[in-house]
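What follows is a single structure, written as structure tokens, with notes after it.
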Amino acid sequence: MTPPLFPIPDTRFRSRRSFITAGTASLAAAVLSREYARGAVVSSPKFPSYPFTLGVASGDPTDTGVVLWTRLAPSPLEGGGMGTESVEVSWQIAEDEGMSKGVQKGTAIATPDWGHSIHIEVEGLQPERWYWYQFKAGSEVSPKGRTRTFPAAKTLPDRVRFAVASCQHYETGLFTCYEHMAREDLDLVIHLGDYIYEDGGIDKRVRKHVGPEIITLDHYRNRHAQYKTDPALQAMHGAAPWLVTWDDHEFDNNCAGDISEHPEVQKADYLKRRAAAYQAYYEHMPLRRAAMPKGPDMLLYRRVPYGQLTDFHVLDTRQYRTDQPCGDHTKPQCPEALDPNATLLGAIQRDWLFENLAKSPATWNVLAQQIMMARVDRTAGTEAGFSMDQWPGYEMERRKVLKYMHDQRVSNPVVLTGDIHSNWANNLIADFDNLDSKVVATEFVGTSISSGGDGILKPKTLDSTYAENPFVKFHSPERGYFTCEVTPKLWTTHFRGVEYVSKPGAPVHTRASFTVEAGKPGLQKA
């Protein structure tokens with residue numbers, strides 16, 4: 001039997017930012033201060049309505065295993081509707097869609113402390129093959145999901161093909177992109193954050209959030225559930241495994257460590273809210289137990305190898321960062337932006353990244369992260385304007401990462417980015433003060449799934465953007481996603497765009513394609 005998931009206190013873990021010491025009587029404090037009393041478990045539950053309303057998902061594959069996820073929620077927008085009882089859930093995984101060639105099965109306990117979510121870490125599977133899985137609770141059966149294991153650790157696979165998505169605001173547009181993505185032959189989906197948005201419901205939009213701006217655990221659960229009820233998103237989760245990381249809106253806009261963008265917000269209250277956000281995020285994502293949050297802290301950065309073809313270094317640029325410099329927004333780099341102590345990653349994560357890059361056996365080293373790394377000047381003319389929320393606001397750490405890649409001869413580094421609701425294809429050069437300097441790495445920035453509403457193919461500022469930033473090879477603020485096909489010799493990226501998200505039925509177009517040759521950094525038009 002797979003061990004049940006429930007809060008386990010760890011007396012060794014005490015964050016310096018912990019609001020527990022502030023005496024906050026929060027849910028997260030309760031998680032850290034007591035063991036969950038398991039008590040009676042209902043093995044044959046009766047539900048008022050169908051409990052698998054949020055579908056199924058899988059994620060974080062290895063060469064022998066994968067995480068399977070679901071959550072029982074017969075009333076998904078009203079706290080889930082499960083009450084206070086723990087419920088037994090059975091699961092099975094098979095080699096065929098008909099589930100006749102079963103390879104493993106078991107049971108797990110869905111507890112109220114974790115929103116009746118289930119995370120099954122299946123092991124003992126065969127490398128590099130597709131599987132199907134399904135859950136059952138009482139007489140109710142979940143939809144079937146499809147997942148895939150990664151290649152064996154010491155093999156060099158022929159290819160991997162994946163899609164990259166980010167920024168899916170439920171109110172401002174439909175998730176049409178996922179309908180098109182589901183038709184592609186993908187081994188994996190990488191989501192780079194802003195999976196949900198935290199603002200309260202606003203009338204006269206394409207759709208409306210339930211409830212006010214989300215603050216409490218119940219709020220965050222309901223918001224995640226509302227997003228998960230979208231049929232296109234749910235179908236894409238069921239079609240392939242996902243790697244996920246967050247940005248700011250999973251918690252609060254422009255969050256920087258334990259610092260709110262609103263100076264009047266007290267740190268203890270902010271961390272209480274962060275604990276609720278992190279718990280709900282874990283409850284709704286196919287993540288391993290290693291990521292289980294402890295109060296307002298959650299370990300999300302990790303390395304996920306795809307044989308010896310690709311190492312995915314999944315980063316967290318929100319939880320450990322210092323405050324945005326210069327009052328945030330777009331402006332010239334002030335002395336704060338050049339502070340060598342300013343950080344996006346935090347020292348521990350940065351050291352972890354460098355260590356993994358140094359020892360990586362992979363042909364391609366991928367940084368799956370949130371914010372644009374290229375130092376793009378967003379202001380036309382003689383004045384400069386850089387985003388203080390992105391890597392240029394933390395200039396010395398940005399230089400340190402690129403210098404490390406260059407000096408250590410990291411194999412074929414590629415940065416994948418979301419956040420800014422627009423597409424970019426950038427060469428990352430050694431010195432952005434010398435625009436003719438050597439190309440060190442490549443960056444692909446994906447636009448939003450729906451955030452910002454209907455986009456446009458070409459902004460009015462496009463010519464000046466290219467003129468100010470010759471390392472930028474493509475830019476478009478249309479809605480969409482991008483796909484990557486990676487082989488031992490060549491990386492190919494296709495930027496897919498949809499014309500509108502304000503109504504259903506938008507066609508998808510390939511707006512630009514680029515290649516990068518292994519051993520030869522720099523973008524080439526495909």
Side-chain angles (χ1 to χ4, degrees), residues 52-59 69-71 73 76-77 143 145-146 162-184 186 188-199 201-202 204-210 214 220 222-247 249-250 280-281 284-286 418-423 446-456 476-483 494-511:
F52 295 104
T53 56
L54 308 185
V56 299
S58 67
W69 172 92
T70 193
R71 179 187 169 213
L77 307 186
R146 187 179 75 150
F162 58 91
V164 178
S166 63
C167 305
Q168 51 195 45
H169 197 301
Y170 185 87
E171 287 197 329
T172 58
L174 304 175
F175 295 167
T176 308
C177 294
Y178 287 124
E179 297 176 14
H180 295 293
M181 191 186 294
R183 300 185 183 105
E184 305 218 30
L186 300 173
L188 179 70
V189 176
I190 299 176
H191 198 287
L192 297 177
D194 293 346
Y195 189 97
I196 63 168
Y197 280 73
E198 80 281 15
D199 48 302
I202 297 176
K204 298 182 179 180
R205 285 185 165 179
V206 177
R207 301 185 283 190
K208 186 177 180 179
H209 283 152
V210 294
I214 51 179
Y220 281 102
N222 288 342
R223 186 61 52 83
H224 273 283
Q226 184 173 25
Y227 278 59
K228 276 288 202 299
T229 58
D230 182 275
L233 175 60
Q234 195 172 118
M236 195 63 238
H237 269 297
W242 286 44
L243 293 180
V244 299
T245 188
W246 53 39
D247 197 8
H249 290 289
E250 284 86 353
Y281 184 83
H284 289 84
M285 296 296 158
D419 179 56
I420 51 175
H421 310 171
S422 52
N423 289 312
T447 186
S448 65
I449 293 292
S450 62
S451 302
D454 292 341
I456 57 173
S476 173
E478 193 177 38
R479 304 286 77 82
Y481 59 97
F482 65 89
T483 62
H494 301 291
F495 287 95
R496 313 286 201 207
V498 296
E499 298 172 17
Y500 49 84
V501 292
S502 57
K503 57 184 179 180
V508 67
H509 305 279
T510 300
R511 296 304 192 185

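The distance from atom CG of Leu188 to atom OG of Ser58, rounded to the nearest 0.5 Å, is 9.0 Å. With values rounded to the nearest 0.5 angstrom, His180 atom NE2 is found 7.0 Å from Tyr481 atom OH. A distance of 8.0 Å separates OG in Ser476 from CD1 in Ile456, rounded to the nearest 0.5 Å. Going from atom CZ of Phe162 over to atom OG1 of Thr483 covers 9.0 Å, rounded to the nearest 0.5 Å. Atom CG of residue Leu192 and atom SG of residue Cys167 lie 8.5 Å apart, to the nearest 0.5 angstrom.
Proximity of the aromatic rings of His209 and Tyr227 is defined here by a centroid distance below 6.0 angstrom, and this criterion is met.
Side-chain contact of His191 with Gln168: a donor-acceptor pair under 3.5 Å is present, judged by distance alone.
Side-chain contact between Arg205 and His169 is present, with heavy atoms from C-beta onward closer than 4.5 Å. Side-chain contact between Arg223 and Tyr195 is absent, with no heavy-atom pair separated by less than 4.5 Å. Val244 places a side-chain heavy atom less than 4.5 Å from the side chain of Tyr281. A 4.5 Å side-chain heavy-atom check between Tyr197 and Ser451 finds at least one atom pair inside the cut-off. A heavy-atom distance below 4.5 Å is found between the side chains of Gln226 and Tyr170. When side chains are defined from C-beta on, Phe175 does not count as touching Met181, because their heavy atoms never get closer than 4.5 Å. Here the side chains of His237 and Trp242 are in contact, with some heavy-atom distance below 4.5 Å. Side-chain contact between Val206 and Leu174: present, with at least one pair of heavy atoms (C-beta onward) separated by less than 4.5 Å.
Of all the heavy atoms in Ala225 and Pro76, the pair that sits closest is CB-O, 3.2 Å. When every heavy atom of Thr447 is checked against every heavy atom of Asn423, the shortest pair comes out as N-OD1, 3.0 Å. Here the shortest heavy-atom pairing between Glu179 and Arg183 reads O-NH1, 3.4 Å. Residue Ser422 comes nearest to Pro477 through the heavy atom pair CB-CA, 3.8 Å, listed as atom of the first residue, atom of the second, then distance. When all heavy atoms are compared, the tightest approach of Met285 to Trp69 is O-CD1, 3.6 Å. Pro143 and Phe52 get closest at one heavy-atom pair: CD-CB, 4.0 Å.
Of the possible donor and acceptor atoms, one in the side chain of Gln234 sits under 3.5 Å from a partner among the backbone N and O of Thr53. A donor-acceptor pair is defined here as one N or O able to donate and one able to accept, closer than 3.5 Å; such a pair exists between the side chain of Arg207 and the backbone of Gly173. Without hydrogens or angle criteria, Asp194 side chain to His249 main chain gives a donor-acceptor distance under 3.5 Å.
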Quick one: do Arg479 and Ile449 satisfy side chain to side chain contact (heavy atoms under 4.5 Å, CB included)? Show the steps, please. CA-CA 6 Å; Arg479 304 286 77 82; Ile449 293 292; over 6 Å; no
Under the side chain to side chain contact (heavy atoms under 4.5 Å, CB included) rule, what do Glu171 and Lys208 come out as? Steps first, then yes or no, please. CA-CA 5 Å; Glu171 287 197 329; Lys208 186 177 180 179; 3.7 Å; yes
I'd like to know whether Glu499 forms a side chain to side chain contact (heavy atoms under 4.5 Å, CB included) with Thr176, so could you lay out the CA-CA distance, the side-chain angles of the two residues, the decisive distance to 0.1 Å, and finally the verdict. CA-CA 10 Å; Glu499 298 172 17; Thr176 308; over 6 Å; no
Could you give me the CA-CA distance, side-chain angles and deciding distance for Val501 and Asp454, then say whether side chain to side chain contact (heavy atoms under 4.5 Å, CB included) is met? CA-CA 6 Å; Val501 292; Asp454 292 341; 3.6 Å; yes
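Ring orientation note: the planes of His224 and His284 are close to parallel, at an angle under 30° on the 30°/60° scale.
Qualifying ring pair (Phe, Tyr, Trp, His ring centres under 6.0 Å) partners for Tyr220, counting only residues two or more places apart in sequence or in other chains: none.
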